[in-house]
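If you read the sequence from its start, that first residue is 1, and numbering goes on from there. Order of listing sets the numbers, starting from 1, for every ligand and every atom in it.
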Amino acid sequence: MLCCGKPMAPLVEKVDGEFAEDHRPSTWRKDDSVVLEIGATPHEMTEQHHIIWLEVVTPKRIIRIFNPGDRPEVELELPRGEIYLRVLCNRYGLWKFRVKFSAENEDKYRIISKAVDSFNTFRAPEARARVLEVSDDTLKVEFTGNLCRTCGFYDYFEDFRLILKDEGLYSQLTEIRELEDSTIVKYKLKCGM
Ligand SMILES: [Fe+2]
């Protein structure tokens, strides 16, 4: 196949490997919809490196085309079952990811969303929580704000865990990753404890 007289190379979808996490969608609930945003922290959207488009592969096919400066995300009605997302990055090519939504997860999403609202009501703007990823047994939360790093730094993350517990979702804090402007905290979710 030619374009402007030059042969076109097929794009090969990657599903894992180096840079996969930078392109895998983070999901979180927003009322009755779900937001899928590219990257564990939002993918950069500069001229040099950005997401060109994403496609949600469901019976209703959805395509979003982005420009540098846009937020690389899409908001959907909460899907049932599995969906696929295809993402084209101008630097690292085409990716394909599977995202699962189950009834059990739906309940989990509801609790997590309530916990985030509750945490932000009392802690923001000093500390603000945002869900980056929910999988079967892991929850990844980004904390931003002027978190005091010397006094009670871990209390914020423990506090969030206790809010989840009060709502009936038990978890264990397993990882704290400090970045320049935020802290990413991973919780292992447990059932029925
Ligand atoms: Fe990229």
Side-chain angles (χ1 to χ4, degrees), residues 1-4 6-30 33-79 81-101 105 108-109 112-113 116 127-145 147 157 174-189:
M1 200 183 282
L2 298 175
C3 175
C4 304
K6 292 181 187 158
M8 293 169 71
L11 289 168
V12 179
E13 290 164 347
K14 287 172 278 190
V15 295
D16 223 327
E18 200 178 8
F19 304 115
E21 296 317 306
D22 298 333
H23 301 89
R24 191 185 302 280
S26 302
T27 58
W28 72 91
R29 277 290 289 276
K30 189 172 159 189
S33 58
V34 65
V35 177
L36 305 179
E37 184 173 53
I38 304 310
T41 52
H43 189 283
E44 72 174 269
M45 291 298 281
T46 57
E47 277 297 337
Q48 298 75 26
H49 185 194
H50 58 271
I51 300 298
I52 300 171
W53 54 255
L54 71 75
E55 177 192 0
V56 184
V57 186
T58 61
K60 278 191 233 163
R61 188 161 165 251
I62 299 167
I63 294 179
R64 291 276 181 279
I65 296 168
F66 302 105
N67 291 308
D70 290 345
R71 232 184 136 85
E73 65 177 28
V74 60
E75 186 174 335
L76 313 168
E77 261 177 50
L78 184 68
E82 266 179 12
I83 60 168
Y84 285 89
L85 200 75
R86 297 168 79 226
V87 180
L88 181 64
C89 165
N90 73 329
R91 187 177 292 177
Y92 296 110
L94 187 62
W95 299 85
K96 186 178 181 183
F97 299 105
R98 188 175 66 157
V99 186
K100 263 200 291 187
F101 297 91
N105 276 347
K108 218 185 280 177
Y109 276 120
I112 293 167
S113 167
V116 167
R128 187 179 290 279
R130 183 171 80 101
V131 173
L132 295 180
E133 193 182 317
V134 185
S135 66
D136 286 347
D137 63 353
T138 308
L139 165 66
K140 214 190 271 180
V141 183
E142 175 194 55
F143 291 89
T144 51
L147 283 70
F157 317 135
T174 53
E175 192 185 311
I176 296 174
R177 192 152 53 99
E178 290 184 50
L179 305 175
E180 205 173 312
D181 299 322
S182 65
T183 305
I184 311 289
V185 179
K186 228 189 231 184
Y187 298 89
K188 187 172 169 50
L189 301 175

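I62 is linked by a side-chain contact (heavy atoms from CB on, under 4.5 Å) to V56, R64, V74, L76, counting only residues two or more places apart in sequence or in another chain.
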Show every donor-acceptor pair shorter than 3.5 Å between a side-chain atom in residues 8-19 and any protein atom, with sequence neighbours excluded, or say none if there are none.
| unit_1 | atom_1 | unit_2 | atom_2 | d |
| --- | --- | --- | --- | --- |
| E13 | OE2 | R86 | NE | 2.8 |
| E13 | OE2 | R86 | NH2 | 3.3 |
| K14 | NZ | Y92 | O | 2.3 |

Which pairs would a plain distance check flag for residues 179-187, meaning a side-chain donor or acceptor within less than 3.5 Å of a matching protein atom at least two apart in sequence or in another chain?
| unit_1 | atom_1 | unit_2 | atom_2 | d |
| --- | --- | --- | --- | --- |
| Y187 | OH | F157 | O | 2.7 |

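Other residues, nucleotides and ligands place more than 12 heavy atoms under 6.0 Å from the CZ atom of R91.
Counting only protein atoms, the N, O or S atoms lying less than 2.8 Å from the Fe ion (ligand 1) are H23 NE2, H43 NE2, H49 NE2, C89 SG, ordered by chain and residue number.
Between the side chain of H49 and the backbone N or O of T46 there is no donor-acceptor pair closer than 3.5 Å.
When side chains are defined from C-beta on, L54 does not count as touching L36, because their heavy atoms never get closer than 4.5 Å.
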